[in-house]
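One structure is given here, and the rest of the page talks about it.
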Amino acid sequence: MPDSLIPQTTEFQRELLGWYRHHRRSLPWRDAPSLYKTVVSEFMLQQTQVKTVLPYLARWLEIFPDFAALAAASEEQVVKNWEGLGYYTRARNLHKLARALVALPSPPRTREAWLELPGIGPYTSAAITSISFGTPAAVVDGNVVRILTRLTADGTAFRDSAAASKALAPLADALLNRAEPGDHNQAMMELGATVCHRRTPLCTVCPVRPYCAASRRGEPELYPRLAPKLIEQLAVTRLWCRHQGKLLLHRTAGDARRLANLHELPALEHAGLGESFFAGDTPIATKKRGITRFAITESIYAIQAAKLPRGTADRPGLVWVTLTELEAITLSGPHRRWVTELLASEP
DNA sequence: AACTCGGGGCG
DNA sequence: CGCCCAGAGTT
């Protein structure tokens, strides 16, 4: 392991923590910290930027102020308040977690015990226990991977960020300030978010620049080395079908791995229609979206209910929804926007 | 170990 | 457009 940094660990920790005390952003889970706020924010922040999370978290804390309120809510209500954030399994797991915690005499205090709970992995268990209980567990997220590979100029070609996190865990642990693990962990992530940017990092204001091999070489952007991902182009055709004030939607099965119980505009396959059903017609809207490794172009075609093949609307998953019901049900983020937009542009 | 899950920010 | 974001669960 490239660890020329290790002998200077104490100095590194002191500079990092000193910087953090002065420069940390004021964030809702830092102001009046509580276990509940820490847990909810960590779930929302999985693979999601701070800026995106802020409005969701504020609303969430109003509606579900503590574990008891969350545990008492229905799953439907919980997922509805996650609408637009994505990775909806996180919401279901957070809900399950709340129900598991209120059934215990007190929340666990060890990383191992938290790891057993739903939605909690290596990162989140370390984050929660270090921040809330002072447990000496080092977090390794995307920020930490970037900082550690730069500190040591580690040019290893990692398959993906998960492989990098695993490989860098020992170094993260060696650098952990065991007297202040929560602030140390947050300081590492704060540094990654506000100074050690993926591109054009602000090395001139970096508190740990003296310990950074990549900065010395003048090429911090070379790290980390991650394999490029292949983006696949995909085309989806969807229906816009209005009838007697209602809108035809597709509801994904509750046991599906993706978008379980969520609604979207029906795709051709949901309606049992062939690929060429709308051949020659003009879509009322064309939308682009990205989903992990897919770049999807969605074409939406208006069709009268009477022109659908008989029995189409009775197919499994298809539902007629009134505009009043539409507000209460959960749509995926993009579909919520598109539907709102298309309704507003109706004559 | 490799895949999958949604969505948005930003260069 | 492509990469990344306070990752975890499943296969």
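Computation of the quantities below employed the complete heavy-atom set of this structure, encompassing side-chain atoms and omitting hydrogens, waters and symmetry-equivalent molecules. Chain A is the first sequence line, chain B the second, and so forth, proteins listed ahead of strands; every chain is numbered from 1.
Neither side chain, A:Thr252 nor A:Glu264, offers a donor N or O lying under 3.5 Å from an acceptor on the other. Between the side chains of A:Gln186 and A:Arg30, at least one donor N or O sits under 3.5 Å from an acceptor N or O. If you check the side chains of A:Asn143 and A:Arg146, you find a donor sitting under 3.5 Å from an acceptor.
Within the nucleic acid shown, A:Arg24 has no heavy atom closer than 4.0 Å to any nucleic acid atom. The residue A:Gly192 sits apart from the nucleic acid: no heavy atom pair falls under 4.0 Å. When heavy atoms are screened at a 4.0 angstrom cut-off, A:Leu226 is found touching no nucleic acid atom at all. A:Arg146 comes within 4.0 angstrom of sugar-phosphate atoms only, judged by non-hydrogen atoms across all strands, and of no base. Counting non-hydrogen atoms under 4.0 angstrom, A:Arg337 reaches the backbone sugars and phosphates but no base. At the heavy-atom level, A:Thr292 lies under 4.0 Å from base atoms of the strands shown.
Comparing B:dG6, C:dC4, B:dT4 by their nearest atom to the side chain of A:Arg257 picks out B:dT4. Comparing C:dG7, C:dA6, B:dG11 by their nearest atom to the side chain of A:Gln46 picks out C:dG7. Checked against B:dG8, C:dA6, C:dG2, the side chain of A:Arg25 finds its nearest nucleotide in C:dA6. Checked against B:dG7, B:dT4, C:dA8, the side chain of A:Tyr88 finds its nearest nucleotide in B:dG7. The side chain of A:Trp29 approaches C:dA6 more closely than any other nucleotide in the set C:dA6, B:dG6, C:dT10. Between C:dA6, B:dG6, B:dG9, one nucleotide has an atom nearer to the side chain of A:Arg30 than all others, and that is C:dA6. Here the side chain of A:Thr124 is nearest to one of C:dA8, B:dG8, B:dA1, namely C:dA8.
One finds a side-chain N or O of A:Lys166 lying less than 4.0 angstrom from the OP1 or OP2 phosphate oxygen of B:dA1. Contact check, A:Lys51 against B:dC10: a side-chain N or O comes under 4.0 Å of OP1 or OP2. For A:Ser332, a side-chain nitrogen or oxygen approaches OP1 or OP2 of B:dG7 to under 4.0 Å. Of the side-chain N and O atoms in A:Arg198, none sit less than 4.0 angstrom from OP1 or OP2 of B:dG11. Between A:Gln47 and C:dC5 there is no side-chain polar atom (N or O) within less than 4.0 angstrom of OP1 or OP2. Phosphate proximity of C:dG9 to A:Tyr87: absent, as no side-chain N or O sits under 4.0 Å from OP1 or OP2.
Atoms CG (A:Leu262) and P (B:dG6) sit 8 Å apart, rounded to a whole Å. One atom, CD of A:Glu190, and another, C1' of C:dA6, lie 10 Å apart when rounded to the nearest Å. Atom pair A:Leu259:CG and B:dT4:P shows a separation of 15 Å (rounding to whole Å applied). One can place CZ of A:Arg199 at 13 Å from C1' of C:dC5, the figure rounded to the nearest angstrom. As rounded to whole Å, 11 Å separates atom C1' of C:dG2 from atom CD of A:Gln233. Straight-line distance from the NZ atom of A:Lys229 to the C1' atom of B:dC5: 13 Å, rounded to whole Å. A:Arg289 places its CZ atom 5 Å from the P atom of B:dG7, with the value rounded to the nearest Å. Rounding to whole angstrom units, CZ of residue A:Arg293 and P of B:dC5 are separated by 8 Å.
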Checking side-chain hydrogen bond (donor to acceptor under 3.5 Å, both in side chains) for the pair A:Thr152/A:Asp154: CA distance, chi angles, key distance, verdict?
CA-CA 5 Å; A:Thr152 61; A:Asp154 182 349; 4.7 Å; no
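Nearer to the 5' terminus of DNA chain B, by closest-nucleotide assignment, is the contact made by A:Gly86 (compared with the other of A:Gly86 and A:Gln49).
The number of heavy atoms from other shown groups lying within 6.0 Å of CD (A:Glu62) does not exceed 12.
Using a distance-only test at 3.5 Å, with no hydrogens or angles considered, no donor-acceptor pair links the side chain of A:Arg199 to the main chain of A:Glu221.
Annotation: C:dA6 and B:dC3 have their C1' atoms spaced 22 Å apart (nearest Å).
Ionic pairing of A:Glu190 and A:Arg24 is not present here: no N-O contact between side-chain nitrogen and carboxylate oxygen is shorter than 4.0 angstrom.
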